[in-house]
Undergrad: 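Provided herewith is a single structure, encoded as structure tokens, for subsequent inquiry.
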Amino acid sequence: LALSLLFLSVARTTRRCPSSFPQLLSQLQSQANITGDTGSLLEPYIRLQNLNTPTLRAACAEFPVTFPSEDTLRALSKPRFLSTVQATLGRVLQQLSALAQRFPKTRAFPELEKTRGNVQGIRNNVFCIAQLLNHSLETPKPTQASSGASLSTATTPSIFQTKLDSCRFLWGYHGFMGSVGKVFQEWRDGSNRSRR
Amino acid sequence: LGEPFQLIPEILTVSIQSKLQQVNLQWTVPNLTHQELKMGFQIEISRMNASNIIWVEDYSTTVKRNQVLHWNWKSEIPLECVTHFIRIRAMVDDANYPPQNSWSNWSSWKEVSVQVSVAPNTLLIFPKSKLLEEGSNVTICLLYGQYLYNVSCMLQKEPIHGEQLDSHVSLIKLNNVVFHSHSGTNIYCQAMNATKTPFGTVLFVSKVLEEPKNFSCETQDFKTLKCSWEPGVDTALTWSQQDSQNYTLYESFSGRSELSDHRNSHNWKITEESQETYNFTLTTENNLRKRSVNIIFNLTHRVHLKAPHDVTLETVDAKKANMTWKMHSRGDNYILLCQVELQHETEVIHECNVSVHMSASYLFSDLEPDTEYKARVRCADANHFWKWSDWAQKAFSTPEAAP
């Protein structure tokens with residue numbers, strides 16, 4: 001775990017790309033697993049926002065913001081998969097930044113800041129792996145449910161509604177990262193088999 | 001002689017500021033017989049119907065011809081939830097006008113309501129969010145869609161109960177609210193037949209802003225005044241409801257005002273033409289409250305000198321040693337009080353106060369030969385003692401006694 005966190009920070013700060021595909025793949029997979037863990041952001045958020053009651057927790061989980069599903073991601077070609085992950089995480093960063101605005105300096109939410117760093121690190125590595133594979137990261141057409149990662153802002157929602165919507169967004173985000181981790185795992189298994 | 005000509009006020013506008021739960025009234029007094037008159041007004045507010053009077057207030061002012069008059073009232077119930085009605089009457093109370101012993105007729109009732117539509121399967125809660133101080137009271141209201149029943153509400157994990165105002169409105173009165181978390185206290189409700197649950201609101205209960213304690217200022221160099229205070233609890237809340245309270249220093253003789261960048265201190269530049277006496281007001285403010293404290297002092301009474309420097313120890317013989325030191329000071333005729341201490345193995349074996357100028361010395365005698373000592377010195381303004389400087393110290397050893 002420590003190794004992957006080290007990579008997280010290295011990749012995050014500078015865009016020097018490791019040249020080894022297996023190393024990048026392993027790193028991306030562990031990054032995805034870390035960020036897929038709800039303990040990294042959703043659970044602290046639920047506690048901080050006092051949503052830790054059966055009713056509110058259920059309300060959060062019942063209608064998660066839709067992200068591209070695992071099947072959708074698995075069915076994509078490698079270039080399209082990388083572009084979809086890159087674009088979706090771009091929107092995730094925007095949402096996390098908007099959420100961070102709601103916390104004054106003296107009431108910082110450290111897990112949120114850490115997650116923003118991790119997501120940026122993943123995006124850096126996705127850029128690197130696309131470079132290694134000579135894929136260009138074009139902005140993908142929205143897949144069946146890829147538009148996720150954005151909160152509806154038809155009318156000005158109340159803060160209570162925004163609290164819940166942010167919770168649903170984080171629920172969807174963790175699910176998405178878990179799916180991404182699995183697809184990268186399958187890439188690794190595939191590349192291991194082809195090397196035998 | 002009949003009753004003098006009646007001046008009946010005429011309501012111009014009634015408007016609502018929902019967020020403040022405030023009703024704003026504007027009116028005029030047509031046909032004013034004088035250029036200006038002292039008048040008394042009585043304003044009545046009723047709730048739900050014109051006969052249910054809940055508020056009566058008298059208001060006196062001088063009225064000029066064609067003047068538009070203003071008055072406002074804060075409702076403890078969110079105005080979205082219930083209709084109110086308002087009317088006004090008047091009485092002249094002016095020496096230049098025949099005495100009146102009765103009010104004018106009332107103006108007509110004006111309705112005060114917010115257009116809110118509630119879908120049959122939903123429930124609306126007002127206020128949508130509320131910032132309030134710990135210990136205050138708040139009334140929350142629920143507007144039910146017509147298909148809803150069995151409505152239950154929770155304050156975080158505790159059930160709370162409302163009182164029915166009518167078939168589709170109920171009120172939840174919370175008294176003496178308690179601070180729960182910087183992210184607010186969630187109040188949410190569920191109902192049978194509701195399309196989407198839960199419906200909720202967030203109460204942002206702020207800690208009460210405290211008066212700054214131990215506010216004081218001092219100078220080390222007559223160039224800067226270092227002011228400090230104990231800020232008390234930080235009342236910042238999340239979701240952009242309230243930043244940390246700010247602190248502003250205002251000095252009345254110079255008229256200067258500066259917002260501090262820190263919660264508990266501020267450096268105030270002493271300008272050339274600065275006065276000797278300072279009258280500081282430190283004001284702290286958040287969205288709910290403002291508090292101030294004040295101090296007046298003479299600059300020369302608040303000198304906190306820097307520690308002595310260039311401390312030297314010269315052993316005269318096995319039993320005597322002479323210590324010298326220097327002070328950053330305003331001039332040689334400036335008298336300082338210094339405290340000298342001698343320690344042997346951490347025990348203070350000698351201590352005394354001496355009055356000195358910028359450079360000074362002190363002779364330790366009756367020392368033990370071939371012994372280690374530590375000497376230290378600190379100083380303060382002799383004329384107006386404020387604080388000791390930090391210590392300056394030096395270790396030394398006496399030589400062996402001559403055979």
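Order of the sequence lines sets the chain letters (A, B, ...), proteins ahead of strands, with each chain counted from 1. These values consider heavy atoms only, across backbone and side chains, with no hydrogens, waters or symmetry-generated copies. As the structure is a computational prediction, the values presented were derived from the model and not from experiment.
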Undergrad: Answer with side chain, backbone, both or neither: which region of A/Leu99 has an atom nearer than 4.5 Å to a non-hydrogen atom of chain B?
TA: side chain
Undergrad: So what's closer than 4.5 Å to chain A heavy atoms on B/Ser240: side chain, backbone, both or neither?
TA: both
Undergrad: Hey, which of B/Ile187, B/Thr185, B/Asn186 has the most heavy atom pairs under 4.5 Å with chain A?
TA: B/Asn186
Undergrad: Hey, does the Lys NZ or Arg CZ of B/Lys226 hover above the aromatic six-ring of B/Trp268, less than 6.0 Å from the centre and inside 45° of the axis?
TA: no
Undergrad: If you draw the axis of the six-membered ring of B/Trp55, does the NZ or CZ of B/Arg47 fall within 45° of it and under 6.0 Å from the ring centre?
TA: no
Undergrad: Donor-acceptor pair, distance only, cut-off 3.5 Å: does the side chain of B/Tyr147 make one with the backbone of B/Ala119?
TA: no
Undergrad: Relative to the ring of A/Phe109, is the ring of A/Phe103 parallel (under 30°), tilted (30 to 60°) or perpendicular (over 60°)?
TA: tilted
Undergrad: Check whether B/Ile125 gets within reach of chain A through its side chain, its backbone, both or neither, counting any heavy atom under 4.5 Å.
TA: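 Neither part; nothing is under 4.5 Å.
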